[in-house]
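To start, the structure itself, in structure tokens.
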Amino acid sequence: MSEILELKNLSFVYGKGTPFEKRAVSNVSLKINRGELVGIIGHTGSGKSTLAQMLNGLIKPTSGEVLLDGKNIWDEPKKIRSVRFRVGMVFQYPEYQLFEETVYKDIAFGAINKGLSGEELDRAVKNAADFTSLKPELLDKSPFDLSGGEKRRAAIAGVIAMDPEVLILDEPTAGLDPMGREILLSQIVRYHKEKGNTVLLVSHSMEDIARVADRVIVMNSSELVMFDKTSEVFARGDELESIGLRVPQITKIMQSLRLGGISVPDGVLTVDEAVSILSALLKKEGKIW
């Protein structure tokens, strides 16, 4: 699997050289493969959002490099805008950035700036709307007439319409009700599977990350403390809890069952997986469940 992003000794300091100097990211090095879905977790202030914003050139590193397909994105500063079309970023509460007369125009805005027009633009807008389950009749409405969840999906569609090679989503389900969270997360998974593009998902929800991520980046106090397969990261529950994080609730329940002498495997991450394992175990013991 080829690499699409590589970080080399990446650091960022806010207010460098002032009395308010604060190190947000410290000497992070890692590689992200093309087509992966990578989770980024860490408590508030750990550096995860700053790290994400350096990946598409929104913030220039204080030191170190971000390599996109092997090339430092800051080698030619005048071309940094083109990097942002290749590495798309969806911020927290992106619906606050909607501004056009119609949903269609809002979704089309970034794609137009990328150079799309005519049928190509129309196809990009409608495909993006489809990926985020926005009904065609909503495209002619004002974005301000949409529900909160629909606004969020319209804003995300605006980034998807640019067809970025890497899609970064910073807390995309924040503030949504359980149904809205579930719908949006399933749409992100569908997008990733069908497009095959690289997706980076910043989240406070360990359950969401456990369900969808191939690998997980763990940040703490500006430093990279883990980067491994999702099952391996959540198997280190004591370490995660020591830095203010937690394993998914179902993982903790299954660990308790195992400690109680019930033969269940380590590293169970989802409710569906747990149900399958426990059902098989009960059938083996001749019990119906």
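No continuous path of hydrophobic side-chain contacts links Val216 to Leu30 [ILVMFWY only; heavy atoms under 4.5 Å]. Linking Ile, Leu, Val, Met, Phe, Trp and Tyr residues whenever their side-chain heavy atoms come within less than 4.5 Å places Leu245 and Met226 in a single cluster. Grouping the Ile, Leu, Val, Met, Phe, Trp and Tyr side chains by contacts below 4.5 angstrom, directly or via other members, places Val202 apart from Ile160. Residues Val199 and Val38 fall into different hydrophobic clusters, defined by Ile, Leu, Val, Met, Phe, Trp and Tyr side chains chained together at heavy-atom separations under 4.5 Å. Linking Ile, Leu, Val, Met, Phe, Trp and Tyr residues whenever their side-chain heavy atoms come within less than 4.5 Å leaves Ile40 and Leu169 in two separate clusters.
Distance alone, capped at 3.5 Å, is enough to place a donor-acceptor pair between the Glu36 side chain and the Asn33 backbone. Side chain of Glu21 to backbone of Gly17: a donor-acceptor contact under 3.5 angstrom is found. Of the possible polar contacts, one joining the Lys114 side chain to the Met162 backbone as a donor-acceptor pair under 3.5 Å is found. Judged by distance alone, the side chain of Asp106 and the main-chain N or O of Phe99 form a donor-acceptor pair under 3.5 Å. Between the side chain of Thr102 and the backbone N or O of Lys141 there is no donor-acceptor pair closer than 3.5 Å. The backbone N or O of Gly42 sits less than 3.5 Å from a side-chain atom of Lys48, completing a donor-acceptor pair. Remark: side-chain polar atoms of Asn9 are not paired, donor with acceptor, to backbone N or O of Gly64 under 3.5 angstrom. The closest donor-acceptor contact from the side chain of Asn197 to the backbone of Pro164 lies under 3.5 Å. A donor-acceptor contact shorter than 3.5 Å is absent between the side chain of Arg215 and the backbone of Phe227. In terms of modelled atom types and a separation under 3.5 Å, the side chain of Ser276 and the main chain of Glu273 share no donor-acceptor contact.
For the pair Arg246/Glu207, a side-chain contact is recorded, criterion being any heavy-atom separation below 4.5 Å from C-beta on. For the pair Tyr191 and Ile156, the minimum side-chain heavy-atom distance is 4.5 Å or more. Ile4 has its side chain within reach of Leu68: a pair of non-hydrogen atoms, C-beta onward, lies under 4.5 Å apart. Between Glu165 and Asp69, some side-chain heavy-atom pair lies under the 4.5 Å cut-off. For the pair Ile32 and Val166, the minimum side-chain heavy-atom distance is 4.5 Å or more. Residues Ile107 and Leu139 form a side-chain contact, since some pair of their non-hydrogen atoms from C-beta on lies under 4.5 Å apart. Within the 4.5 Å cutoff, the side chain of Gln53 has no heavy atoms near those of the Phe12 side chain. Residues Ile73 and Leu55 fail the side-chain proximity criterion, which asks for heavy atoms closer than 4.5 Å.
Summarising the geometry of Ala213 relative to Gly39, their closest heavy-atom pair is CB-N, 3.7 Å, with the distance given to 0.1 Å. Leu281 and Ile262 make their closest contact through CD2-CG2, 3.6 Å (heavy atoms, listed as atom of the first residue, atom of the second, distance). Between Arg152 and Tyr93, the shortest heavy-atom distance links the atoms NH2-CD2, 3.5 Å.
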Determine, step by step, whether Asn113 and Arg84 satisfy the side-chain contact (heavy atoms from CB on, under 4.5 Å) criterion, reporting the C-alpha distance in whole Å, the side-chain angles of both residues, the deciding distance to 0.1 Å, and the verdict.
CA-CA 11 Å; Asn113 279 285; Arg84 293 169 190 153; over 6 Å; no

Please step through side-chain contact (heavy atoms from CB on, under 4.5 Å) for the pair Glu223 and Val28, ending with a clear verdict.
CA-CA 7 Å; Glu223 296 182 348; Val28 171; over 6 Å; no

Given Leu7 and Leu51, is the side-chain contact (heavy atoms from CB on, under 4.5 Å) satisfied, shown in steps?
CA-CA 10 Å; Leu7 314 186; Leu51 179 70; 3.7 Å; yes

With side-chain contact (heavy atoms from CB on, under 4.5 Å) as the test, would you mind laying out the steps for Leu98 and Leu146 before giving the verdict?
CA-CA 11 Å; Leu98 299 173; Leu146 304 184; 5.6 Å; no

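At a threshold of 4.0 Å, the pair Asp272-Arg211 does not count as salt-bridged, since none of the basic side-chain nitrogens sits closer than that to a carboxylate oxygen. Checked for salt-bridge contact, Glu76 and Lys71 meet the test: a charged N lies under 4.0 Å from a carboxylate O. For Arg123 and Asp163, the salt-bridge test fails: no basic side-chain N is under 4.0 Å from an acidic carboxylate O.
Partner Asp208 forms a side-chain contact (heavy atoms from CB on, under 4.5 Å) with one of Ile188, Leu185, Ile41 and no other, that one being Leu185.
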